[in-house]
Amino acid sequence: MTTFRAPKGTFDLLPPDSAAFLAVREAMARTVRLAGYQYAETPVFEDTALFKRGVGESTDIVNKEMYTFTSQGGDSLTLRPEGTASVLRAALQANLHKAGQLPVKLYYSGSYFRYEKPQKGRYRHFSQVGAEALGSEDPQVDAELIILAVDAFRGLGLTNVKLLLNSLGDATCRPVYRAALQEFLRGLDLDEATRARIEINPLRVLDDKRPEVRAQLAGAPMIGDYLCEDCKAFHAEVRELLTDAGVAFEDDPNLVRGLDYYTRTTFEFVHDGLGSQSAVGGGGRYDGLSELLGGPALPSVGWALGVDRTVLAMEAEGVLEKETSRVEVFAVPLGEQARRLLFGVVRDLRRLGVSADIVFGTRGVKGAMKAADRSGARYALVAGERDLADNLVQLKDLASGEQIPVALDQIIPTIKEKLS
Ligand code: AMP
């Protein structure tokens, strides 16, 4: 025991639960690697201004949730609250968009930080896997990314992830819609903060969850009615590609998401097994973000999937497999000579790709066999002085209890054969 606790809103990943998180991250990463996305890793902190600019001054993230601090050198730095701004910053800094074919396809996996009110599925330190395709205006890229996320969820055994889809328009039609929405919203009975939001980012008001606000939004103009021909055609193509792929989606004209930079395709993956938090992932197109960060025009699209919430969703659907086995083989040496010998056997098994562990220190037979059972191993390799005198070890199947003698020079081939 210690008097120290993990900070509020955070939790530790420890065995046996930690394996599931690792497996989820890896499954998501594997899915996008299959489509040519390459790994990117950026610092966990960035210039505060990057997020202010990139995520948006009117967002809750920037206004209330950032972990911002002044460094010893006097710089304002912020723990990353999301991945897109950092990854785009890194790609622009390294000129990746000039180095080869577009889009530049990157994925990432790591920790993100938001000062949110902690509850189930909402933490101050959480984990995301994200993918971004930088520099293409092809709707196939939007569809590709959405399909990959769907495949990742399906690959994890999830069947109840719902896809919500919307288009937020572009630089041509969004301003017209924005003005119409502002005019509508200014006529409502709203509090001061929300009135201020109307002037900065009126689309965010549509995202308001309070019933008294929701009730007044009934007749609000909808972006779908304002999309220009290009945006309409783009959105129709994305929808068609998803339908061809057998990906079900629900049109959600209210889906605006909490970040300012989205244009055109916007989507969210939701799951109803998470309590009050339902989003397991989300993303969209952000054609203007690069220019906003001082870069060239670089139309892009991406998503981020929440690892913690995906694990919760898997738990809710009963598809979360607990890790019960640490190693395949567990060695139980009884006596000093056996300790030496089995230490070498275990080392060789590992070198051949068989996971193996051994009892350390001197323990009685009972305690040692208990350790073997606890490890979840399929086989125990037991050797005492008498076995060694006969040039043997005992190979015990820990599930059935069956035990067979194996000649010393046959240990490794026998185990390899049994495990294959
Ligand atoms: P966002 O960048 O807000 O769209 O987040 C993308 C995904 O990250 C969400 O769909 C969640 O699954 C996950 N996520 C966001 N914020 C949190 C949080 N505070 N705690 C846990 N997961 C989060």
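In this chain, numbering begins with 1 at the start of the sequence shown. Source: prediction; values computed, not measured. Whatever order the structure lists them in is the order used to number ligands and atoms, beginning at 1. All heavy atoms count here, side chains included; hydrogens, waters and symmetry mates do not.
The shortest N/O to N/O separation between Tyr123 and ligand 1 falls below 3.5 Å. The shortest N or O to N or O distance between Ala279 and ligand 1 is below 3.5 Å. In terms of polar-atom proximity, Arg114 is counted as a contact of ligand 1, with an N or O under 3.5 Å from an N or O of the ligand. Residue-to-ligand polar distances place Gln128 within reach of ligand 1: an N/O pair is separated by less than 3.5 Å. Of the N or O atoms in Glu116, one or more lie within a sub-3.5 Å distance of an N or O in ligand 1. Not one N or O of Leu305 is nearer than 3.5 Å to an N or O of ligand 1, by distance alone.
The residues Asp60 and Arg114 are annotated as not salt-bridged, no charged nitrogen and carboxylate oxygen being separated by less than 4.0 angstrom. Asp251 has a carboxylate O that lies under 4.0 Å from a charged side-chain N of Arg239, or vice versa, which qualifies the two as a salt bridge. Under the 4.0 Å criterion applied to side-chain N and carboxylate O atoms, Asp207 and Arg204 are assigned as salt-bridge partners. A salt bridge does not link Glu137 with Arg285: none of the charged nitrogens is closer than 4.0 Å to a carboxylate oxygen. Between Arg350 and Asp348 there is no salt bridge, since none of the side-chain N atoms of the basic residue sits less than 4.0 Å from a carboxylate O of the acidic one.
Not a single donor-acceptor pair under 3.5 Å links the side chain of Arg264 to the backbone N or O of His235.
Every atom of ligand 1 is numbered from 1 in the order shown, and the set under 4.0 Å from a heavy atom of Gly121 is 20 (N), 21 (C), 22 (N). Annotation for ligand 1: atoms under 4.0 Å from non-hydrogen atoms of Ala304 are 6 (C), 7 (C). The distance from ligand 1 to the heavy atoms of Gly281 drops below 4.0 Å at these ligand atoms: 10 (O), 12 (O).
Under 4.0 angstrom from ligand 1, the non-hydrogen atoms of Arg309 all belong to its side chain. Under 4.0 Å from ligand 1, the heavy atoms of Phe126 that appear belong solely to its side chain.
Shortest non-hydrogen contact noted between Ser18 and Leu13 is CB-C, 3.8 Å. Across all non-hydrogen atoms, the minimal contact from Tyr108 to Ala304 is OH-CB, 4.1 Å.
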